Amino acid sequence: MYGRPGIDKLVTSTVGKSTNILWHDCPIAQFERQKLLNQKGCVVWITGLSGSGKSTLACALSRELHSRGHLTYILDGDNLRHGLNRDLCFEAKDRAENIRRVGEVAKLFADAGLICIASLISPYRSERSACRKLLHNSTFIEVFLNVPLEVCEARDPKGLYKLARAGKIKGFTGIDDPYEPPSDCEIVIQCKAGDCPTPKSMADQVVSYLEANEFLQD
Ligand SMILES: Nc1ncnc2c1ncn2[C@@H]1O[C@H](COP(=O)(O)OS(=O)(=O)O)[C@@H](OP(=O)(O)O)[C@H]1O
Ligand SMILES: Nc1ncnc2c1ncn2[C@@H]1O[C@H](COP(=O)(O)OP(=O)(O)O)[C@@H](O)[C@H]1O
């Protein structure tokens with residue numbers, strides 16, 4: 001038993017359904033990883049309706065930061081439902097579990113020193129707030145893509161709004177399922193009919209926030 005007290009001194013815990021578990025610290029700490037990467041680990045959490053541009057912003061932001069020499073990783077709701085979250089549907093309890101899991105994974109990426117970009121509808125305020133509480137020192141940066149339903153529906157790149165309106169998808173966010181907009185988030189990107197910032201300028205808005213708050217240096 002390397003680096004641990006004698007077996008008689010170990011105090012194990014119960015966390016959720018896991019009994020007799022013990023946290024094992026590693027000698028390399030987050031600040032050392034951050035120094036290596038010359039940035040501060042954080043989570044940029046993009047929330048908004050389907051079609052609001054979350055994936056577009058995530059990719060533009062990742063590209064912009066990459067070109068400046070920063071390490072990012074995108075956790076996209078749609079993509080994670082192909083693997084980690086493939087057992088979840090769109091009922092409220094499954095959406096909540098989806099958000100919880102992505103929050104936990106995002107926390108690990110931030111701890112690794114990366115700028116983690118999470119883009120998922122995440123329609124519930126309480127679950128987003130729970131993810132915020134997982135992070136510390138203002139490292140949870142919530143970005144609200146405030147795009148009216150009419151604009152998202154007019155875009156409808158996957159034809160899902162059309163199906164939802166026709167009753168072929170039940171419980172579609174914004175149609176017959178709720179979306180709770182953030183009341184107090186770090187960044188709001190506003191888009192009105194016929195007047196949306198370009199993907200590059202949306203990304204620049206987030207980069208400016210990261211620069212001003214010293215995330216792009218160790
Ligand atoms: N019922 C329903 N409501 C909303 N969205 C639906 C639904 N069914 C399938 N889809 C597709 O799933 C994508 C959203 O997945 P998320 O994991 O981001 O959703 S959530 O955060 O759990 O609410 C979403 O992707 P985006 O359009 O990129 O947001 C849709 O393509
Ligand atoms: N800023 C923007 N201006 C104009 N069109 C956009 C913008 N952002 C995204 N789009 C377009 O809107 C559609 C939905 O974008 P997407 O990133 O897939 O949204 P989401 O991930 O929120 O579902 C796509 O066709 C995309 O090209």
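Please read all numbers here as calculations on a predicted model, not as lab measurements. We count ligands from 1, going down the list as the structure has it; atoms in each ligand are counted the same way.
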Participant: Would you say Asn213's side chain and Phe215's backbone share a donor-acceptor pair under 3.5 angstrom?
Facilitator: no

Participant: May I ask you to check whether over 12 heavy atoms, not counting those of Phe172, lie within 6.0 Å of atom CZ?
Facilitator: yes

Participant: Taking Glu32 for its side chain and Ala29 for its backbone only, find out whether a donor-acceptor pair lies under 3.5 Å.
Facilitator: yes

Participant: Can you list the ligand 1 atoms lying under 4.0 Å from a non-hydrogen atom of Leu120?
Facilitator: 18 (O), 21 (O)

Participant: Regarding atom 7 (C) of ligand 1: of the candidates Tyr161, Tyr124, Tyr179, Phe172, which has the closest heavy atom?
Facilitator: Phe172

Participant: Considering heavy atoms of the protein only, find what lies nearest to atom 28 (O) of ligand 1 and give residue, atom and distance to 0.1 Å.
Facilitator: Lys158 NZ, 3.1 Å

Participant: Of the side chain and backbone of Phe90, name the one, both, or neither that has a heavy atom under 4.0 Å from an atom of ligand 1.
Facilitator: side chain

Participant: Before signing off on this row, confirm whether Pro123 and ligand 1 have an N or O atom pair separated by under 3.5 Å.
Facilitator: no

Participant: Taking the basic N atoms (NZ, or NE/NH1/NH2) and the acidic carboxylate oxygens, is any pair closer than 4.0 Å for Arg100 and Glu127?
Facilitator: no

Participant: Tell me: protein heavy atom nearest atom 27 (O) of ligand 2, and distance?
Facilitator: Thr56 OG1, 4.3 Å

Participant: Which residue supplies the protein heavy atom nearest to atom 22 (O) of ligand 1, what is that atom called, and how far is it?
Facilitator: Asn98 ND2, 2.7 Å

Participant: Among all protein heavy atoms, pick the one closest to atom 1 (N) of ligand 2 and tell me residue, atom and distance.
Facilitator: Pro197 O, 2.8 Å

Participant: Has Asp177 got any heavy atom lying under 4.0 angstrom from an atom of ligand 1?
Facilitator: no

Participant: Considering distance alone, does some N or O of Ile121 sit under 3.5 Å from an N or O of ligand 1?
Facilitator: yes

Participant: When you measure from the side chain of Arg33 to the backbone of Gly113, do you find a donor-acceptor pair of N or O atoms at a distance under 3.5 Å?
Facilitator: no

Participant: Is the backbone of Ile21 close enough, under 3.5 Å, to the side chain of Thr12 for a donor and an acceptor to pair up by distance?
Facilitator: no

Participant: Who's the nearest protein heavy-atom neighbour of atom 21 (O) of ligand 1, and how far?
Facilitator: Ser122 N, 2.8 Å

Participant: Can you list the atoms of ligand 1 that are under 4.0 Å from a heavy atom of Gly171?
Facilitator: 1 (N), 2 (C), 3 (N)

Participant: When you measure from atom 29 (O) of ligand 1 to every protein heavy atom, which one gives the shortest distance, and what is it?
Facilitator: Lys54 NZ, 2.8 Å

Participant: In ligand 1, which numbered atoms sit nearer than 4.0 Å to a non-hydrogen atom of Arg95?
Facilitator: 1 (N), 2 (C), 3 (N), 4 (C), 22 (O), 23 (O)

Participant: As a check for students: among Gly51, Ala58, Gly48, identify the option with a heavy atom nearest to atom 14 (C) of ligand 2.
Facilitator: Gly51

Participant: Decide whether an N or O pair under 3.5 Å exists between Ser119 and ligand 1.
Facilitator: no

Participant: Quick test: of every protein heavy atom, which one is nearest to atom 15 (O) of ligand 1, and how far off is it to 0.1 Å?
Facilitator: Arg81 NE, 3.5 Å

Participant: Okay, side chain of Asp156, backbone of Leu160: is any donor-acceptor separation there less than 3.5 Å?
Facilitator: yes

Participant: What protein heavy atom sits nearest atom 25 (O) of ligand 2, and how far off is it?
Facilitator: Pro157 CB, 3.8 Å

Participant: Can you list the residues that meet the salt bridge (Lys or Arg N to Asp or Glu O under 4.0 Å) rule with Arg81, with sequence neighbours excluded?
Facilitator: none

Participant: Can you name the one residue among Glu180, Glu186, Glu142 that meets salt bridge (charged side-chain N to carboxylate O under 4.0 Å, His left out) with Arg128?
Facilitator: Glu142

Participant: Closer than 4.0 Å to some heavy atom of Ser50 - which atoms of ligand 1 meet that?
Facilitator: 26 (P), 27 (O), 29 (O)

Participant: Taking distance alone, with no angle check, do Gly53 and ligand 2 share an N/O pair under 3.5 Å?
Facilitator: yes

Participant: Please could you name the atoms of ligand 1 that Thr173 approaches to less than 4.0 Å, counting only its heavy atoms?
Facilitator: 3 (N), 4 (C)

Participant: Assess the side chains of Ser62 and Thr72: does a donor N or O sit below 3.5 Å from an acceptor N or O?
Facilitator: yes

Participant: Has Asp218 got a side-chain atom pairing as donor or acceptor with Gln39's backbone, closer than 3.5 angstrom?
Facilitator: no

Participant: Does Val43 belong to the same Ile/Leu/Val/Met/Phe/Trp/Tyr cluster as Ile141, with side-chain heavy atoms less than 4.5 Å apart forming each link?
Facilitator: no

Participant: If you measure every N or O of Ser50 against every N or O of ligand 2, does any of those distances drop under 3.5 Å?
Facilitator: no

Participant: Between Glu104 and Leu134, is there a donor-acceptor pair closer than 3.5 Å when you use the side chain of the first and the backbone of the second?
Facilitator: no

Participant: Is atom CG of Asp87 surrounded by more than 12 heavy atoms (other residues, nucleotides or ligands) closer than 6.0 Å?
Facilitator: yes

Participant: Taking distance alone, with N or O pairs closer than 3.5 Å, would you say Ser55 contacts ligand 1?
Facilitator: no

Participant: How close does the nearest protein non-hydrogen atom get to atom 30 (C) of ligand 1, and which residue and atom is it?
Facilitator: Leu160 CD1, 3.5 Å

Participant: Answer side chain, backbone, both or neither: which part of Leu49 comes under 4.0 Å from ligand 2, heavy atoms only.
Facilitator: backbone

Participant: For ligand 2, does Ser55 get within less than 4.0 Å through its side chain, its backbone, both, or neither, judged by non-hydrogen atoms?
Facilitator: both

Participant: Using a heavy-atom cut-off of under 4.0 Å, does the side chain or the backbone of Asp76 touch ligand 1, or both, or neither?
Facilitator: neither

Participant: Identify the protein heavy atom lying closest to atom 12 (O) of ligand 2, giving its residue, its atom name and the separation to 0.1 Å.
Facilitator: Arg155 CD, 3.1 Å

Participant: Spell out, as yes or no, whether a donor-acceptor pair under 3.5 Å connects the side chain of Arg101 to the backbone of Leu84.
Facilitator: yes

Participant: Tell me which protein heavy atom sits closest to atom 13 (C) of ligand 1, plus the residue, atom name and distance to 0.1 Å.
Facilitator: Asp78 OD1, 3.6 Å

Participant: For the pair Arg125 (side chain) and Pro182 (backbone), establish whether a donor and an acceptor sit closer than 3.5 Å, ignoring hydrogens and angles.
Facilitator: no

Participant: Hey, which atoms in ligand 1 end up nearer than 4.0 Å to a heavy atom of Gly77?
Facilitator: 17 (O), 18 (O)

Participant: Please check: side-chain N/O of Lys40 versus main-chain N/O of Glu214, any donor-acceptor pairing under 3.5 Å?
Facilitator: yes

